[in-house]
Every structure is written in C-alpha cells, then in structure tokens.
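Here's the structure, in structure tokens; my notes come after.
Every chain is numbered from 1, with letters handed out A, B, ... down the list of sequences. Remember, predicted model here, so these are calculated numbers, not experimental data.
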There are 2 protein chains.
Amino acid sequence: MQGSPNKARTAHQQSYEALRDMILNGTIAQGTKLVEEKLAAEFNLSRTPIRESIRKLEQEGLVVNKRVVKLSESDLRNTFELRKLLEGHAARSAAIYLSEKDLLRLERCVEVGRSGTLNEIMEVNKEFHEIIMHASNNPLMIDVFDRMQSVIYLFRHTVVYYHRPFLIDEHQRIFEAIRAHDSDTAEQLMKEHLQADLDFCLHLIR
Amino acid sequence: MQGSPNKARTAHQQSYEALRDMILNGTIAQGTKLVEEKLAAEFNLSRTPIRESIRKLEQEGLVVNKRVVKLSESDLRNTFELRKLLEGHAARSAAIYLSEKDLLRLERCVEVGRSGTLNEIMEVNKEFHEIIMHASNNPLMIDVFDRMQSVIYLFRHTVVYYHRPFLIDEHQRIFEAIRAHDSDTAEQLMKEHLQADLDFCLHLIR
DNA sequence: ACATTTTGTATTGTATACAAAAACTTTTAT
DNA sequence: ATAAAAGTTTTTGTATACAATACAAAATGT
C-alpha cells in the first residue's frame, strides 16, 4: 500500500509525513511552536505546503494551536477509553466474521510477538490491532482509529519498549477467543487488554 | 463563547461555514465538483482561503476527492453504528454523572419536543443528544461526535421532517433512565433509539 | 513603582502569478 | 470505427509578496 517509497508525492504530503515522524520520534519536542516560515526554510519549500501539513497535523491531534501537543494523563485516559469502545466492538465483529486468512495473520502476529526483535514486536503489535479493527468492516470507525494512530504510537512505544508483562499472552487469548467465535469473550478480553496497557502507561509516566 | 455574531472571523472560516451550509441544505448538490477558482470568484476571495475550506470539509467527510459526497445506504449504517457506540457509552455516563442543571435541560428538550414548532423540535433534538454526549466527559469522543454532526444533520432533517413516530417518547424514556441513574437501561434505550432512527431513515430512502 | 498606551517585531492570513499535472479534444494511424 | 498520440484547456500545486493581526517591549503618564 504505502510501502512503495514513491517519490511522486506532492510537497505537502512529504512535509506532512516528515513533520509527523519528527514529532513521533521526539526530534521536535512536545510544546514546540511550529512556525511556518522556519519549517519552510528547513524543508526548502514555501509556506504554502507547510501550512497544509500543519493543518492536517492539527486535525490528527498532534498539533494544537500551532504547538506540538503535550500529552497529558487525561489524554491518555481519553484515548484508551475510545479505543476500548472501538476495538472492543471490532473484536466482537472479528469473532463472528474474520476470514481464515486473517486468522492465520493474527496467529503469526502472536508468534512473532514471542520470538521477534523489538522492532518486529512493535510492528506485529500494530498489525494485530489493525487486523481486528478492520474486521469491524466499518470504514468510518477504521478512519477514527487511523486518526488516533499517531497519538497511540507515542504511547505504544513505551509499552513495548519497557516490556510490559503478559502483553503477548493477552494477544494469544484474544486470538483464541476470536478463533473460537466467542464474541463476548473476545470483546471482554480486548477491553481488559487495553485497560492493562493504559494502567501500565499510567504507571510509567508518574 | 461563540454566540457573539462576531464579524472578525477570517475569510476561510466564513467560506467554510458558507460552503458547509450550502452543502447541507442542498444548494450545492451531492456529487458536485468543487473547483477552487469558481468558488473563489463566487465568494469574492482568492483561492487560498477556499482551499482551506475544502480541505476542512474533506476532513469532515462532506467532500471526497473534490466532490460533494453522495451519501449511500452503507454510509448511513456506518454512521449510526458508530453513533450507537459513542452515544450508548455517553448515556451510561450520563446516568451516573449528569448534573441537576443538565437534567433539567434534558427535561426541557423533551417538553419542547412535544409542543414546539418543527424548527424548535429539530433544535432540541440536537440539544438532547449533545447534552448526553457531553456527559461522556471525554473530549476526544465529543470531537469525533462533532465531526459527524454535518453528516448526521443531513439525515436528521428527514427524520424530524417526516415525523418519525415515538421519537419523543423514546427521548422521554431515555431521560427517565438517566434521572433514575439506571445506566444499563440508559445505554440500552439509547442504542434502540438510534437503531429506530436508522431503520426509519433506511425505510425512507428506498 | 504601576498601569496604560505606543511602537516595533514576529507571525499568520490573503492575493496573485506561474508551473505542473490532470482532464478533455482533436487528430492520426490502423 | 477505434485506439493511440498529440495537443489544448482546465485545474491544482507551489512560490512569493504584501496586508492584517497578535505579541512583546518600550515609553509615557499617573
């Protein structure tokens, strides 16, 4: 999909992605004011495409009032509350509708989660949740989920990096509930899983 | 806050609102291609602010690929599925946390819903759902809800205009469940209420 | 010393011009 | 007549200039 490092992208797309990545990996610190002209100079562009990038980042919630967000504890809580709703619902759908092919993909995510490198684990963690979210079959919900990804990323980083215990065991149990078409359990386990993520994050940031 | 009809809004804010309203009330037909220069001429502005307006409408889902959306049956279903999730959850919170003041406001919405003019009914219908949504106390969810408003509006119009039966009765029962702090019932009733809305809309558009 | 106005500077908002790309037409070859 | 190619027009993307606004600092009066 987006894997091809296609150079035929427009300037504002490129600068958007570059800016987003810089925010996500901390190159641009939280709270920094984004000044159009400065960034334009830095990227060797005019203000016009930079402007659009910033607007998009604002829509995503990564920029508020021209400043890079400072994520607070309540942002964390709010994000996970919404995730529990969306992904809980999606897990339920997955238990009913998920294809054989996607079941195998899920299983592989669990396996790699046990044996992979740190980067691989982060990768399959993301994939695990994506596969389930897409099972909702509701493009609107998927879109909301996608919009949250950047913010989620900032947190997920900590979760995996600090090796949260039982993370993969929880994935495994969710996977099994989905495979068994047990929708109530799948939803329940997904919500508990996200709650555990939240608790772990909260524990870390204090 | 925003009640003051302040004329100190920027050009792109004004053109955004104007465009949105034109789409919502059908002045601009669904499927119409939005051409920046044409609109700029029409509004006596340059392309720059128009561009921003269109981008924002795209984020809201009212414009796709430079064309005004044609809402399909599955858009309708997807929207209501997400609403059930968000507003069901909010109704639950409302049953637990809603203030006396907001309870009174809710009650008034039900009353005006029985006795008001068509415009008043549409107004309080919106307010009823807003009060409950805000009880979620989750700005992120409220934001998602707000973003859906334009699309919801297009549908709500039909629902009230064609006098869906039992609409106010359902509001009344939801209100009573909230007042009684019965969160399970409140959530359940809200979901049923939205499902009934959906069914009514589906019935109409066929 | 404190509040208030004035001035200057930084930053965003808007208009305009031109280049690149996309969408349409017409022409040409099969 | 149809499909490909070339050309034409429309539309979008980007750069730049200037105007309006917001912000901070200095100056002025109390």
Side-chain angles (χ1 to χ4, degrees), chain A residues 1-23 27-70 143 147 150, chain B residues 1-23 27-70 143 147 150:
Chain A
M1 302 280 146
Q2 72 205 78
S4 61
N6 187 353
K7 58 180 69 175
R9 289 170 306 161
T10 60
H12 70 263
Q13 285 169 327
Q14 288 178 252
S15 61
Y16 159 74
E17 285 164 25
L19 273 173
R20 187 196 54 193
D21 292 347
M22 288 167 84
I23 292 172
T27 308
I28 303 180
Q30 298 194 355
T32 307
K33 176 145 195 218
L34 298 183
V35 176
E36 296 175 3
E37 225 164 350
K38 262 187 196 136
L39 295 170
E42 195 168 331
F43 286 101
N44 255 297
L45 290 169
S46 78
R47 275 175 53 209
T48 312
I50 298 292
R51 233 176 134 63
E52 283 194 35
S53 306
I54 293 179
R55 283 303 193 320
K56 197 159 179 210
L57 291 166
E58 268 169 349
Q59 295 283 353
E60 258 182 22
L62 275 185
V63 170
V64 175
N65 224 338
K66 272 113 222 241
R67 304 196 105 89
V68 176
V69 275
K70 278 199 174 115
D143 195 61
R147 273 216 188 74
S150 297
Chain B
M1 295 283 144
Q2 71 204 79
S4 60
N6 188 354
K7 57 180 71 178
R9 289 172 305 162
T10 60
H12 69 264
Q13 285 169 326
Q14 288 179 252
S15 61
Y16 159 74
E17 285 164 26
L19 273 173
R20 187 196 54 192
D21 292 346
M22 288 168 83
I23 292 172
T27 308
I28 303 181
Q30 299 195 352
T32 308
K33 176 145 196 219
L34 298 182
V35 176
E36 296 174 4
E37 227 165 346
K38 262 187 196 137
L39 296 170
E42 195 168 331
F43 285 101
N44 256 300
L45 291 170
S46 77
R47 274 176 54 209
T48 312
I50 298 293
R51 231 176 134 64
E52 282 195 38
S53 305
I54 293 178
R55 283 304 193 317
K56 197 162 180 206
L57 291 166
E58 268 169 348
Q59 295 282 354
E60 257 183 20
L62 276 185
V63 171
V64 175
N65 221 340
K66 274 116 222 237
R67 305 195 105 89
V68 176
V69 275
K70 277 197 176 117
D143 195 62
R147 272 216 188 76
S150 296

Grab the CZ-P distance between B/R67 and C/dA22 for me, whole Å please.
16 Å
Have a look at the helix from C/dA1-D/dT30 to C/dT30-D/dA1 and give the angle its two end axes make, five pairs each, rounded to 10 degrees.
10°
Between A/E17 and A/R9, does any NZ, NE, NH1 or NH2 come within less than 4.0 Å of an OD or OE carboxylate oxygen?
yes
Where each residue is assigned the nucleotide of DNA chain D containing its nearest heavy atom, which of A/K33 and B/K33 is assigned the position nearer the 5′ end?
B/K33
Over 12 foreign heavy atoms within 6.0 Å of CD, A/Q30
yes
Have a look at B/L34 and say if it touches a base, only the backbone sugar-phosphate, or nothing, with a 4.0 Å heavy-atom cut-off.
sugar-phosphate
So does A/G31 get a backbone contact from the side chain of A/R67, meaning a donor-acceptor N/O pair under 3.5 Å?
yes
Looking only at heavy atoms, which two atoms of A/L19 and A/S53 are closest? And how far apart?
CD1-CB, 4.0 Å
Between C/dG13 (C1') and A/E58 (CD): distance, integer Å:
14 Å
Distance, nearest 0.5 Å, that separates NE2 of B/H12 from CD of B/Q14:
10.0 Å
Considering all heavy atoms, the nearest A/I50-A/S15 contact
CD1-CB, 4.1 Å
Whole-Å distance, B/L39 CG to D/dT10 P, equals 17 Å
Nearest-Å distance for atom pair CD1/P, residues B/I50 and C/dG13
15 Å
Distance-minimising heavy-atom pair for A/V68 and A/A29:
CB-O, 3.7 Å
N/O-N/O pairs, protein side and nucleotides 13-15 of chain D side, under 3.5 Å:
residue	atom	partner	partner atom	Å
D/dG13	OP2	B/R51	NH1	3.1
D/dG13	OP2	B/R51	NH2	3.0
D/dG13	N7	B/R47	NH2	2.7
D/dG13	O6	B/R47	NH1	2.8
D/dT14	OP1	A/A11	N	2.5
D/dT14	OP2	A/H12	ND1	2.9
D/dA15	OP2	A/S46	N	2.7
D/dA15	OP2	A/S46	OG	2.8
D/dA15	N7	A/T48	OG1	2.8

Between CZ on residue B/R47 and CD1 on residue B/I54, distance to nearest 0.5 Å:
9.5 Å
